[in-house]
J.: 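Let me give you the structure first, and then I'll get to my questions.
Quick caveat, the model's predicted, so the values are computed rather than measured.
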Amino acid sequence: TLQNHLHQELPNIISRKTIKAADKLSLSINVQDTTFLRHIVLKNITIPEEAIIKGNIYGCDSLRISAHIPHLHFNKEYFRNSSLNIHSSNKFLTSLFTTERRQKRGFTTLSLKANAGDNRLRVITGIDNQRQPRTKGELDITANFINTRNNDPHITAWIAPTVLTVSDMPWSIHPTNL
């Protein structure tokens, strides 16, 4: 079902699975023990406080998944207030991941937004250290997945203009095609 959702948004790069009937799934997961997860990712990962994942999937028509992870230790890194929201609407798949990563002098907010639809993927990554000297901003990249006349896959990408602040100094990123 998830592969079919992705195929609907990015048909030139994700193949469709044949489904005889529309899948309907509701889920509610409370994660307290990460033993199984550690075996899958082969990394030291612990969740000291219960994480909650909820969602509904109704075939290719509707998808909504949300996760909240209050605290996460991944190898030697510590993250807090992590959340993931994924939903589909109007033939677009949208996701937002936010977290706070512990640094030497406090926490840095990180975000990743992604939108997929009509063979286009847009990814916006963000950072904000919330202290002086300030480091903050977003990088916005869009990729188009098209097939040529010979049915060969082709990718075009574009970086949107933005200003990133690094150590209180603004840096202009000019638009460019890749």
Side-chain angles (χ1 to χ4, degrees), residues 1-11 13-17 19 22-103 106-130 135-145 157 159-160 162 164:
T1 298
L2 292 174
Q3 187 170 346
N4 284 340
H5 270 282
L6 291 172
H7 171 79
Q8 194 168 311
E9 318 315 336
L10 303 167
I13 61 171
I14 306 291
S15 63
R16 179 181 291 276
K17 289 284 188 182
I19 294 179
D23 293 334
K24 294 180 182 172
L25 174 69
S26 292
L27 59 101
S28 179
I29 303 170
N30 296 4
V31 180
Q32 295 175 322
D33 185 350
T34 57
T35 304
F36 179 69
L37 188 58
R38 282 193 301 269
H39 289 292
I40 292 173
V41 298
L42 302 175
K43 300 284 183 182
N44 185 14
I45 185 169
T46 58
I47 300 172
E49 188 176 325
E50 183 177 73
I52 299 170
I53 304 168
K54 294 186 180 209
N56 294 299
I57 300 171
Y58 298 104
C60 289
D61 298 327
S62 176
L63 166 74
R64 185 168 300 276
I65 298 173
S66 65
H68 178 69
I69 306 169
H71 303 281
L72 171 70
H73 296 274
F74 186 75
N75 286 336
K76 295 180 181 180
E77 301 287 336
Y78 171 69
F79 299 90
R80 70 178 187 190
N81 299 328
S82 301
S83 68
L84 173 66
N85 290 294
I86 302 170
H87 73 276
S88 65
S89 62
N90 299 330
K91 295 194 175 191
F92 277 92
L93 186 64
T94 303
S95 65
L96 172 62
F97 174 74
T98 59
T99 192
E100 295 174 358
R101 180 179 175 221
R102 182 169 40 207
Q103 303 283 297
F107 284 86
T108 297
T109 301
L110 304 172
S111 65
L112 178 68
K113 302 173 196 173
N115 299 308
D118 195 27
N119 278 314
R120 181 175 293 152
L121 177 63
R122 182 178 182 195
V123 177
I124 303 169
T125 60
I127 186 170
D128 187 349
N129 69 347
Q130 303 175 32
T135 298
K136 73 175 203 169
E138 291 185 331
L139 184 60
D140 185 346
I141 301 172
T142 300
N144 292 312
F145 304 93
I159 297 176
T162 191
L164 294 177

J.: Does the side chain of Ile127 reach to within under 4.5 Å of the side chain of Thr125, using non-hydrogen atoms?
T.: no
J.: How about CG on Asp118, more than 12 heavy atoms from neighbouring residues, nucleotides or ligands closer than 6.0 Å, or not?
T.: no
J.: Could you go through Thr109 and Asp128, starting from their C-alpha distance and side-chain angles, then the distance that decides it, and tell me whether this counts as side-chain hydrogen bond (donor to acceptor under 3.5 Å, both in side chains)?
T.: CA-CA 5 Å; Thr109 301; Asp128 187 349; 6.0 Å; no
J.: Can you name the closest pair of heavy atoms from Phe97 and Ser82 and give their distance?
T.: CE1-CB, 4.3 Å
J.: Is the shortest heavy-atom distance from the side chain of Phe107 to the side chain of Tyr78 under 4.5 Å?
T.: yes
J.: For side-chain hydrogen bond (donor to acceptor under 3.5 Å, both in side chains), just list the numbers for Ser111 and Thr98, CA-CA rounded to whole Å, side-chain angles, deciding distance to a tenth of an Å, and then say yes or no.
T.: CA-CA 4 Å; Ser111 65; Thr98 59; over 6 Å; no
J.: To the nearest 0.5 Å, how far apart are CG in Asn115 and CG in Leu93?
T.: 8.5 Å
J.: Would you check if the side chain of Arg122 reaches a backbone N or O of Ala114 as a donor-acceptor pair within less than 3.5 Å?
T.: no
J.: Once rounded to the nearest 0.5 Å, what's the spacing between atom CZ of Arg120 and atom CG of Asn144?
T.: 4.5 Å
J.: Should Ile86 and Leu63 count as side-chain neighbours, where that means a heavy-atom distance under 4.5 Å?
T.: yes
J.: Could you grab the distance from atom NZ of Lys136 to atom CD of Gln130, nearest 0.5 Å is fine?
T.: 10.0 Å
J.: Does a side-chain N-to-carboxylate-O contact under 4.0 Å join Glu77 and Arg102?
T.: no
J.: Quick one: does Leu10's side chain get under 4.5 Å of Phe145's, heavy atoms only?
T.: yes
